[in-house]
Amino acid sequence: MAVGIFDSGLGGLTVLGAVAGRLPDVPFVYLGDNAHAPYGVRDPDDIFRLTCAGVERLWEEGCDLVVLACNTASAAALRRMQETWVPEGKRVLGVFVPLIEALTERQWGDNSPPREVAVKHVALFATPTTVSSRAFQRELAFRAIGVDVEAQPCGGLVDAIEQGDMILAEALVQSHVEALKRRMPRPEAAVLGCTHYPLMEEAFRVALGPDVAVYSQPSLVAASLADYLGRHPDMLGPGVASGFLTTGDPQAVSARATQFMRRGIRFRAA
Ligand code: DGL
């Protein structure tokens, strides 16, 4: 009954932590494509190819349902995967929709027409590829009207986090928030639209100030996955064991993951 969690690297561990906490009886298999991270500067065809390969590997582990715990893959590849590639009996879900449903005050899976919502000025922080895909604005437009979104491509931030350089990562958060605030001085809400960014959530909160509501994905994705599995228990695949796979160097990736998540995590080669 396992579920797969995919990310380009270590960012998806923030989502894994939340879903595993919410669904303690479900085995989760995590796959980080560390050999090819970061995705945020790759082109959509490349991201489609790499994401399909990672998802197929998770299917081999008995995970019929895979969550792309990666906004860049969700933005650049998910729609194409769902429309052209995912076979009968398998499912791939992304991380955008739960976030946008929370921002637009919707119940999970409410597909009623777009309407006015309380929040009017939203700052989006994401990778360059996610920002240029405009997937966030597209999904938002299906659900809400009159929301102004200012997006900041946070170049360099995923690399700094993956390399464990938190001093550089903090400096980058500050400069990206300042750059966004020059264009939108008073956002009401800020979306951390990359699963690596919850690792820097405190730095974002400090730089944004106390008046900005920060939307971070892990708990929202966990709540929406619990709801989805309640409605689709058949999507729990045949896998029985949790585990961590990486396309990178298992030793180096395990050390970095242990440092980030502050608990022992051991990856094996994918
Ligand atoms: N953590 C991913 C995301 O949510 C990918 C970052 C990257 O590989 O650039 O966008």
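Bear in mind that the values here come from a model prediction, so they are computed numbers and not experimental data. Atoms within a ligand are numbered from 1 in the order they appear, just like the ligands themselves.
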Test side-chain hydrogen bond (donor to acceptor under 3.5 Å, both in side chains) applied to His176 and Gln152, step by step
CA-CA 7 Å; His176 286 305; Gln152 176 67 26; 3.1 Å; yes
Between Arg80 and Glu83, does a salt bridge (Lys or Arg N to Asp or Glu O under 4.0 Å) hold up when you go through it step by step?
CA-CA 5 Å; Arg80 182 169 161 199; Glu83 287 174 1; over 6 Å; no
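With ligand atoms numbered from 1 in the order given, ligand 1 contributes 6 (C), 9 (O), 10 (O) to contacts under 4.0 Å with heavy atoms of Thr127. Atoms of ligand 1 found under 4.0 Å from any heavy atom of Asp7, numbered from 1 in the order shown, are 1 (N), 2 (C), 5 (C). The distance from ligand 1 to the heavy atoms of Pro38 drops below 4.0 Å at these ligand atoms: 7 (C), 8 (O), 9 (O).
With Asp33 as reference, Thr247 is the one residue of Thr247, Thr246, Thr51 to meet the side-chain hydrogen bond (donor to acceptor under 3.5 Å, both in side chains) rule.
Note on ring orientation: taking the six-membered ring where Trp is involved, the planes of Tyr30 and Phe267 are perpendicular (angle over 60°, cut-offs 30° and 60°).
With a 4.0 Å heavy-atom cut-off, ligand 1 is reached by the backbone of Asn71 and by its side chain too. With a 4.0 Å cut-off on non-hydrogen atoms, Val41 does not touch ligand 1 at all.
Taking atom 10 (O) of ligand 1 as the reference point, the nearest protein heavy-atom neighbour is Thr72 OG1, 2.6 Å. Gly40 N, 2.7 Å is the protein heavy atom nearest to atom 9 (O) of ligand 1. The nearest protein atom to atom 7 (C) of ligand 1, hydrogens excluded, is given as Tyr39 N, 3.3 Å; this is a heavy-atom distance. When hydrogens are left out, the protein atom nearest atom 1 (N) of ligand 1 is His196 ND1, 2.6 Å; that is the closest non-hydrogen contact.
Any N or O atom pair closer than 3.5 Å counts here, and Ser8 shares at least one such pair with ligand 1.
Ring-centre distance between Phe125 and Tyr197: not below the 6.0 Å cut-off.
With Thr72 contributing its side chain and Thr129 its backbone, the two residues share no donor-acceptor pair below 3.5 Å. Side-chain atoms of Arg256 come within 3.5 Å of backbone atoms of Glu162 as a donor-acceptor pair (strictly under, hydrogens ignored). Formation of a donor-acceptor pair under 3.5 Å by the Arg42 side chain with backbone atoms of His36 is found in this model.
Heavy atoms of Cys70 come nearer than 4.0 angstrom to ligand 1 in at least one pair.
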